[in-house]
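A short worksheet on the structure shown next.
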Amino acid sequence: MHSFGYRANALLTFAITILALMCAMASLSDNFNTPTPSAQVQVLNINWFQKQPNGNDEVSMTLNISADLQSLFTWNTKQVFVFLAAEYETPKNSLNQISLWDGIIPSKEHAKFWIHTSNKYRFIDQGSNLRGKEYNLTMHWHVMPKTGKMSADKIVMPGYRLPAEYR
């Protein structure tokens, strides 16, 4: 006959194998989800646009951010990290990204939101490249699952322009 230790080992091995199989199935089931998130951002006001004493441009703006990210949530989603970035080109860099706002969405019930805010983080360019500059506002998100790999995507909203003169 088999000893108690041998039987406990067999039972534990079987349980862990079933748990690993269930985690793999949960992770694979996310591949069948085709999310259709939406986002809109309005720049209501440029609060200030100034040149700092060190020569860098700085912008403060008031934003209306609305998004519906509910389709990102499945039964395997733990939370979603979302951030809004200003993206623009300069002669020195082909892509400059500045985070203006971010948040963590813990559940599907909180994934449809509207926020009236000033930029949470400073919008500063190293140099004086922002006067009259066209830029995109891009909503990025990272889906953090309970099991499996993280996924990320974005919505690019083009057509914004900064003032030609400092205020």
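Side chains are part of it too, since the values below use all heavy atoms of this structure and drop only hydrogens, waters and symmetry mates. A quick note: this is a predicted structure, and the numbers were derived from the prediction, not measured.
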Over 12 non-hydrogen atoms of neighbours within 6.0 angstrom of CD in Q50: yes
Beyond-backbone contact of K149 with M144, side-chain heavy atoms, under 4.5 angstrom: no
Point-to-point distance, once rounded to the nearest 0.5 Å, from CG of D125 to CD1 of I98: 6.0 Å
Considering all heavy atoms, the nearest F73-A111 contact: CE1-CB, 3.7 Å
Interatomic distance, F123 atom CZ to E58 atom CD [nearest 0.5 angstrom]: 10.5 Å
Greater than 12 external heavy atoms within 6.0 Å of H110's NE2: no
Shared hydrophobic cluster for Y160 and I46 (ILVMFWY, side-chain gaps under 4.5 Å): yes
Sub-4.5 Å side-chain heavy-atom contact between N64 and I115: no
Side chain proximity check, L137 to V43, heavy atoms < 4.5 angstrom: yes
Connected via hydrophobic side-chain network under 4.5 Å: L162 and M157: yes
No-hydrogen, no-angle side-chain donor-acceptor test under 3.5 Å, S94 and E89: no
Spacing of N129 atom CG and N96 atom CG [to the nearest 0.5 Å]: 8.0 Å
same_hphob_cluster(L72, F32) at 4.5 Å side-chain heavy-atom cutoff: no
L69 vs F113, side chain to side chain contact (heavy atoms under 4.5 Å, CB included): CA-CA, chis, key distance, verdict: CA-CA 9 Å; L69 306 177; F113 59 88; 4.1 Å; yes
Under 3.5 Å side-chain donor-acceptor pair for N45 and T62: no
Close side-chain approach of Y121 and L100, heavy atoms under 4.5 Å: no
Derivation and outcome, side chain to side chain contact (heavy atoms under 4.5 Å, CB included), residues F49 and D57: CA-CA 7 Å; F49 181 33; D57 286 349; 4.3 Å; yes
Closest non-hydrogen atom pair, R161 against G132: NH1-O, 2.5 Å
Neighbour count above 12 (heavy atom, 6.0 Å) for Q97 CD: yes
Backbone N/O of T138 and side chain of N136: donor-acceptor pair under 3.5 Å: no
Heavy-atom pair of closest approach, residues M139 and A39: CE-CB, 4.0 Å
pair N119-W101: side-chain heavy atoms closer than 4.5 Å: no
Gap between atom SG of C23 and atom CE of M25 - 0.5 Å precision: 10.0 Å
Working for side chain to side chain contact (heavy atoms under 4.5 Å, CB included), residues S128 and K51: CA-CA 7 Å; S128 54; K51 187 174 193 126; 3.3 Å; yes
Atom pair OG/CH2 of S118 and W48 - distance to nearest 0.5 Å: 7.5 Å
Test side chain to side chain contact (heavy atoms under 4.5 Å, CB included) applied to L84 and S99, step by step: CA-CA 6 Å; L84 181 70; S99 181; over 6 Å; no
Test item: R131 and P163 side chains (from C-beta on) under 4.5 Å apart, heavy atoms: no
Over 12 foreign heavy atoms within 6.0 Å of NZ, K146: yes
L44 side, atom CG; Q42 side, atom CD - distance, nearest 0.5 Å: 5.5 Å
Side chain N54, main chain N56, donor-acceptor under 3.5 Å: yes
Test item: side-chain donor near acceptor, T147 and N76, under 3.5 Å: no
Test log, rule salt bridge (charged side-chain N to carboxylate O under 4.0 Å, His left out), inputs K120 and D102: CA-CA 8 Å; K120 188 175 176 180; D102 67 8; 2.7 Å; yes
Sidechain-backbone polar pair: N9 side chain, L11 backbone, donor-acceptor under 3.5 Å: no
Exercise: identify the closest heavy-atom pair between T117 and I65: CG2-CD1, 4.1 Å
Ring geometry between F83 and F81 (parallel below 30°, tilted from 30 to 60°, perpendicular above 60°): tilted
Least distance between heavy atoms, Y88 atom then I124 atom: OH-O, 4.4 Å
Closest approach of H142 to A152 (non-hydrogen atoms, all atoms of both residues): ND1-CB, 3.4 Å
